[in-house]
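All chains are named by letter (A, B, ...) in the order of the sequence lines, taking the proteins before the strands, and each is independently numbered beginning at 1.
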There are 2 protein chains.
Amino acid sequence: MTSTARKPSRIQTENRQRIRDAALGLFATHGFRGTTLDQIADACGMHKPNLIYYFDSKEAIHIDLLNTLMEEWLSPLDAMDPDGDPLEEMMGYIRRKMEMSRLYPRESRLFANEIVQGAPRMLPHLESTLKPLFDRQCGIINRWMTEGKLAQMHPAHLIFSIWAVTQHYADFEAQIAVLLPGDDKRARGAEAFVEAMFRKVLTP
Amino acid sequence: MTSTARKPSRIQTENRQRIRDAALGLFATHGFRGTTLDQIADACGMHKPNLIYYFDSKEAIHIDLLNTLMEEWLSPLDAMDPDGDPLEEMMGYIRRKMEMSRLYPRESRLFANEIVQGAPRMLPHLESTLKPLFDRQCGIINRWMTEGKLAQMHPAHLIFSIWAVTQHYADFEAQIAVLLPGDDKRARGAEAFVEAMFRKVLTP
DNA sequence: CAAGTTTTTTACCATTTGGTAAAGTTACGA
DNA sequence: TCGTAACTTTACCAAATGGTAAAAAACTTG
């Protein structure tokens, strides 16, 4: 019996990361089926069998990406402080989500692809990890609302609308670029708008 | 030389529609590359070469769907009356978008897939058809705002946020189904929330 | 109903694609 | 520095997939 857990070598760590990085961009823009191992190999300057040396299969790369994505994706939600100032906690969360949309559009699109297609590989993860966290946050927000610190509304739909609006800027960037060609300060404008909108919505 | 324009037969019309219908569902959930001609053939009870008899290629089916989609998709925006009551025109538009999300989730996801992947086949169409309409509507909304009939904000981002929130219910249904398992009146709840939210946002 | 046209079916084909086998090369600890 | 384990490369392969050829069947129309 071989030892299954073995500290990965420097090369191992480096190359797995290079593969992840290349695959992330390709999966995000072409989807899982639309991306070929050859493309990934090309994009990271490796040969196809080399990918399979580091990951069991194309699907294994995808799953690896989705797993690491999930953690990063949830951290802002987790970072909300139940004892903080309600309105400012919400606005901080929204600001963090907008920032993620701007800094990590590939991750946002990878996630969007997965969910639009029915979350074939992520459903269990959503159930087991996202759902409990989501329910807890809804509870906190609900408390804030009954305490009169936030305007009264359905907490779940509020969170959906925050996700929708913030992620839209990453996921539908192709469309936005056509409709609002002023490249320079588009992100600033978006952030100012979203912040103002939700502040108005949330203020009791 | 054969006559290129010929009135399509009854069978022609019927079968092309059957193919469209099957392809729409498959493209929407698996994407273009993730869908095979065999799957489409299966889904509409035809044989693969039969598809090619009615459409030149797999891509031709996709393009056909995107073209018809574009028109339906824009009609609510076009239906806004510049001379109507501003707040009620906006709310009517939002209501229609929510209704489309509920009635035509496949179309919404097809569109989402296309845009998330950088709109490879739709960019020209967005430029030539959506952009002018969008600009016109932004102008109208802007006028309403300067007249004090609507709260002041960036019209383009307002439209983006409406699209984001309404389409989110179709595009991310897989996620929402996990987080809000109360199947029955989910749509009602969503519509009530979205309407209330935007009414508050838009009211001066 | 007969001739011609449209539509369907069967049998194929070339390319792409995920993945493997195994030889060759490099890194690395004793 | 030498041997071994880690890594890379080349040459493949089987299945899947978009598409074609052409015969068979069904439908239309004079």
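Contact check of residues 19-28 of chain B against DNA chain C (heavy atom, cut-off under 4.0 Å) returns no residues at all.
Spacing between atom CD1 of A/Ile61 and atom C1' of C/dT17 amounts to 14 Å, rounded to whole angstrom units. The distance from atom OH of B/Tyr53 to atom P of D/dA26 is 15 Å, rounded to the nearest whole Å.
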Only distances under 3.5 Å count here; give the side-chain donor-acceptor pairs of residues 83-91 of chain B to other protein atoms, sequence neighbours excluded, each with its distance to 0.1 Å.
| residue | atom | partner | partner atom | Å |
| --- | --- | --- | --- | --- |
| B/Asp85 | OD2 | B/Glu88 | N | 3.1 |
| B/Glu88 | OE2 | B/Arg199 | NH1 | 3.1 |
| B/Glu89 | OE1 | B/Asp81 | N | 2.9 |

Could you pull out every donor-acceptor pair under 3.5 Å between side chains of residues 110-119 of chain B and any protein atom, sequence neighbours left out?
| residue | atom | partner | partner atom | Å |
| --- | --- | --- | --- | --- |
| B/Asn113 | OD1 | A/Gln117 | NE2 | 3.4 |
| B/Asn113 | ND2 | B/Ala28 | O | 2.9 |
| B/Asn113 | ND2 | B/Arg109 | O | 3.4 |
| B/Glu114 | OE2 | B/Arg121 | N | 2.7 |
| B/Glu114 | OE2 | B/Met122 | N | 3.0 |
| B/Gln117 | NE2 | A/Asn113 | OD1 | 3.3 |

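The list of ring-ring contact (aromatic ring centres under 6.0 Å, His included) pairs with a residue in residues 40-59 of chain B, not counting sequence neighbours, is empty.
Partners of B/Phe198 according to the ring-ring contact (aromatic ring centres under 6.0 Å, His included) rule, which considers only residues two or more places apart in sequence or in another chain, do not exist here. When the ring-ring contact (aromatic ring centres under 6.0 Å, His included) test is applied to A/Phe27, the partners found at least two apart in sequence or on another chain are A/Phe32, A/His62. Qualifying ring-ring contact (aromatic ring centres under 6.0 Å, His included) partners for B/His168, counting only residues two or more places apart in sequence or in other chains: B/Phe172. Partners of B/Phe193 by ring-ring contact (aromatic ring centres under 6.0 Å, His included), not counting sequence neighbours, listed by chain and number: A/His157. Shown here are the side chain to side chain contact (heavy atoms under 4.5 Å, CB included) partners of B/Lys200, two or more places apart in sequence or in another chain: A/Ala151. Residues passing the side chain to side chain contact (heavy atoms under 4.5 Å, CB included) test with B/Thr166, sequence neighbours excluded: B/Lys97, B/Met98, B/Ile162.
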Under 3.5 Å between N/O atoms: give me all the protein pairs with nucleotides 24-29 of chain C, atom names plus distance.
| residue | atom | partner | partner atom | Å |
| --- | --- | --- | --- | --- |
| C/dC28 | OP1 | A/Arg10 | NH2 | 3.3 |

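Salt-bridge formation is not detected for the pair B/Arg95/B/Glu191: no Lys NZ or Arg NE/NH1/NH2 atom is positioned less than 4.0 Å from an Asp or Glu carboxylate oxygen.
Checking the phosphate oxygens (OP1, OP2) of C/dT8, a side-chain nitrogen or oxygen of B/Asn15 falls inside 4.0 Å. Distances shorter than 4.0 Å separate none of the side-chain N or O atoms of B/Gln12 from OP1 or OP2 on C/dT6.
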Whether each nucleotide of nucleotides 9-20 of chain D has a protein heavy atom under 4.0 Å at its base (B), only at its sugar-phosphate (S) or at neither (-) is summarised, 5' to 3', as BBB-----SBBB
